[in-house]
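Residues: numbered from 1 along the sequence shown.
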Amino acid sequence: MKQSFTTSVFQTDEIHLADTRELIVRGGRHLFPLLPRAFAGVSQIGVIGWGSQGPAQAQNLRDSLAGTSIRVKVGLRAGSKSAAAARAAGFTEESGTLGEMGAVIGESELVIVLISDAAQASEFRNIFAALKPGATLGFSHGFLLGYLKSIGERFPAHVNVVAVCPKGMGPSVRRLYEQGRNVDGAGINASFAIEQDVNGLAVDHALGWSVALGSPFTFHTTMESECHSDIFGERGILLGGVHGLAESLYRRFLREGDSPATAFIRSSEAITGPISQTISRHGIKAVYERLDATGREVFAQAYCAAYTPSKDILLEIYQEVASGNELRSVILAAGRHSRFPMGKIDGTPMWRAGETVRRSRADEKIPLEPFTAGAYIAMMMAQIDVLTEHGHSYSEIANESVIEAVDSLNPYMHFRGVAYMVDNCSTTARLGARKWAPRFDYNLEQQAFTAIDDGKPLDNSKMIAFLEHPIHGVLNVCAALRPSVDISLA
């Protein structure tokens, strides 16, 4: 259940999503003059960490607050290898914008913790001890809340606790912000949550943070809901699911007689190219509507066969996340990595074929492959339905299951490859993709594809439910809030 919120600084807008109403805050550079008011009582924002989100958020905050008295300072562990990269981005000890993590936490009225999830689990007591009374403690992920609950711990009672969670990886957050210098409103959508508000400043601090990141719109959630939907989503359609699906489709097309290049184009390239681009600009149902009669039959066959096997795995993932099991597995894995570092997936024949395809790619020749589209959209809709069944808001569902995929992650996958994304995202996401991709692969191979090949009757009611699903109307509303430009990857 979403909580209501009020802000004394920013205008709120009510949007209607299916049978619900939600409040959002629209962003834009015209709001930057309001940031000093939003950050009332803040003289320094400490950005802790320089991993996936740290570079983008530190630079966006610094640039948005230029000309104000509010300083953005990066905090790193003593001797951190990331210090050189932070200095190259303009954060230096000499300017007072780079320092040791504990000291920066103690100096700052708004502390944004962007270190890895495993590091948060090991360092949270030191972080809490260094905080000023009345400070605002911020996260871009709900992981630590879930972890604290699993071990019977709590956030300190004398600080605000908020989350601002961009619906895209750090490079997307920075790239679209930079594009927004010339196109107002370009950026990555974000959710925000208030876990604790001890002095009445938490909402405006969180909204100011989101606006300063360049978010075109900011929607409301809870920290627990964000934790569940985010960790679940990256194991599903955002990373793990698309990885497993692409591999299973590639092998299927090879068995049908395709060359490695053609099989890659019909599977991975079709997903990250025309399928994602159509969803981004015109909605999910538009993919089906753009197919001819034969293509629609193939789409429906793949959709009806893939929906239940996908939902089976997605429901299991959600239960593992909500129970805390998945969070514990991340912590345990971090302990193993000193002995067994995570390997890469990009050395297999499929992803090597992808390197060759991208070198000579002609986007206009990538087909809107109906079988791939049906299977991919079945997985996307199954994820939407799992989140709906667990009470998530439509704005969260749309962003975590559709918008983040087609407007942030999939464009990078198209540019560099699914394998590159799986090998270069956050540690928590990489772990999840590796763990769950094989499960999707096996379930689709053993249940969906065999049902089609054996000529088993398919449940056509699933297609009727797809065509009548409320998510289509939700995405129509969200399309009006879409970033005003496509992300530039050149």
Side-chain angles (χ1 to χ4, degrees), residues 47-57 74-86 100-102 112-127 139-151 153 165 169-171 227-228 230-236 238-244 247 313 316-317 320-348 351 409 412-413 416-441:
V47 178
I48 310 304
W50 196 264
S52 176
Q53 287 283 335
Q57 294 205 27
V74 173
L76 302 174
R77 292 188 182 92
S80 170
K81 296 179 181 178
S82 298
E100 187 274 328
M101 183 175 82
I112 298 173
V113 178
L114 301 177
I115 57 178
S116 71
D117 294 335
Q120 289 181 32
S122 63
E123 294 288 334
F124 74 88
R125 290 184 177 85
N126 294 329
I127 293 170
F139 300 90
S140 283
H141 190 12
F143 182 93
L144 187 58
L145 172 66
Y147 179 70
L148 292 178
K149 286 187 173 184
S150 74
I151 61 173
E153 295 277 358
C165 309
M169 61 181 190
C227 174
H228 292 171
D230 186 85
I231 296 177
F232 163 75
E234 65 194 17
R235 282 148 177 74
L238 300 182
L239 284 169
V242 71
H243 172 199
E247 295 227 17
I313 302 301
E316 181 183 354
I317 295 171
E320 288 293 289
V321 172
S323 68
N325 288 345
E326 194 69 16
L327 281 68
R328 285 187 285 272
S329 75
V330 171
I331 304 303
L332 292 171
R336 294 193 300 271
H337 287 164
S338 59
R339 297 178 60 199
F340 307 109
M342 254 194 290
K344 293 190 173 185
I345 70 166
D346 62 2
T348 62
W351 304 115
L409 298 183
Y412 269 96
M413 292 181 186
R416 298 293 297 269
V418 175
Y420 178 85
M421 180 65 67
V422 172
D423 285 337
N424 289 277
C425 55
S426 71
T427 299
T428 299
R430 291 171 68 195
L431 287 167
R434 281 162 173 74
K435 178 177 178 180
W436 292 100
R439 296 291 307 282
F440 283 105
D441 186 341

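- Among residues two or more places apart in sequence or in another chain, the ring-ring contact (aromatic ring centres under 6.0 Å, His included) test is passed with His141 by none.
- With values rounded to the nearest 0.5 angstrom, Leu239 atom CG is found 11.5 Å from Thr428 atom OG1.
- Minimum interatomic distance between Ile331 and Ala118 (heavy atoms only, all atoms of both residues): CD1-CA, 4.0 Å.
- We find that Glu320 and Arg235 are not joined by a salt bridge, their nearest charged nitrogen and carboxylate oxygen being 4.0 Å or further apart.
- Here the CZ-OG distance, from Arg328 to Ser323, works out to 6.0 Å after rounding to the nearest 0.5 Å.
- Here the shortest heavy-atom pairing between Cys425 and Ala429 reads SG-CB, 3.6 Å.
- Listed here is the closest heavy atom pair of Tyr147 and Ala121: CE2-CB, 3.6 Å.
- Put simply, the side chain of Met169 does not reach to within 4.5 Å of the side chain of Leu238, judged on heavy atoms.
- In this structure, Phe143 and Leu327 have side chains that are in contact, with non-hydrogen atoms separated by less than 4.5 Å.
- The two residues Val47 and Gly54 have their closest heavy-atom pair at CG1-O, 4.1 Å.
- The shortest side-chain heavy-atom distance between Phe232 and Glu326 does not fall under the 4.5 Å cut-off.
- From Met101, atom CE reaches atom CD1 of Ile127 across 5.5 Å, with rounding to the nearest 0.5 Å.
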Practice item. Starting from the C-alpha separation in whole Å, work towards a yes-or-no answer on side-chain contact (heavy atoms from CB on, under 4.5 Å) for Val330 and Lys435. Key: CA-CA 11 Å; Val330 171; Lys435 178 177 178 180; over 6 Å; no
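- The line from CD of Glu123 to CG of Leu144 is 11.5 Å long, rounded to the nearest 0.5 Å.
- No side-chain heavy atom of Val74 sits less than 4.5 Å from a side-chain heavy atom of Gln57.
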Point to revise | Verdict with reasoning, Cys165 to Asp230, per side-chain contact (heavy atoms from CB on, under 4.5 Å) | key: CA-CA 9 Å; Cys165 309; Asp230 186 85; 5.9 Å; no
Practice item. Check the pair His243 / Met421 against side-chain contact (heavy atoms from CB on, under 4.5 Å), numbers first and verdict last. Key: CA-CA 10 Å; His243 172 199; Met421 180 65 67; over 6 Å; no
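- The CG atom of Asn325 sits 10.5 Å away from the CG atom of Leu332 when rounded to the nearest 0.5 Å.
- Between Ser82 and Trp50, the shortest heavy-atom contact is CB-CB, 3.7 Å.
- Thr427 places a side-chain heavy atom less than 4.5 Å from the side chain of Met342.
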Review point. Step by step, would you call Cys227 with Leu145 a side-chain contact (heavy atoms from CB on, under 4.5 Å)?
Key: CA-CA 8 Å; Cys227 174; Leu145 172 66; 5.8 Å; no
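- Residues Asn424 and Tyr412 are not in side-chain contact: their nearest non-hydrogen atoms beyond the backbone lie 4.5 Å or more apart.
- Residues Ile317 and Val321 form a side-chain contact, since some pair of their non-hydrogen atoms from C-beta on lies under 4.5 Å apart.
- The closest donor-acceptor contact from the side chain of Gln120 to the backbone of Ile115 lies under 3.5 Å.
- Residues Ser140 and Leu114 have side chains in contact (heavy-atom distance under 4.5 Å, counting atoms from C-beta outward).
- The salt bridge (Lys or Arg N to Asp or Glu O under 4.0 Å) test with Asp423 singles out one residue from Arg434, Arg416, Arg430, and that residue is Arg434.
- Checking Trp351 against Glu247 by side-chain atom types alone, a donor-acceptor pair falls below 3.5 Å.
- In this structure, the side chain of Asp441 does not engage the main chain of Ala437 through any donor-acceptor pair within 3.5 Å.
- Nearest heavy atom pair, residue Ala322 against residue His228, reads CA-NE2, 3.7 Å.
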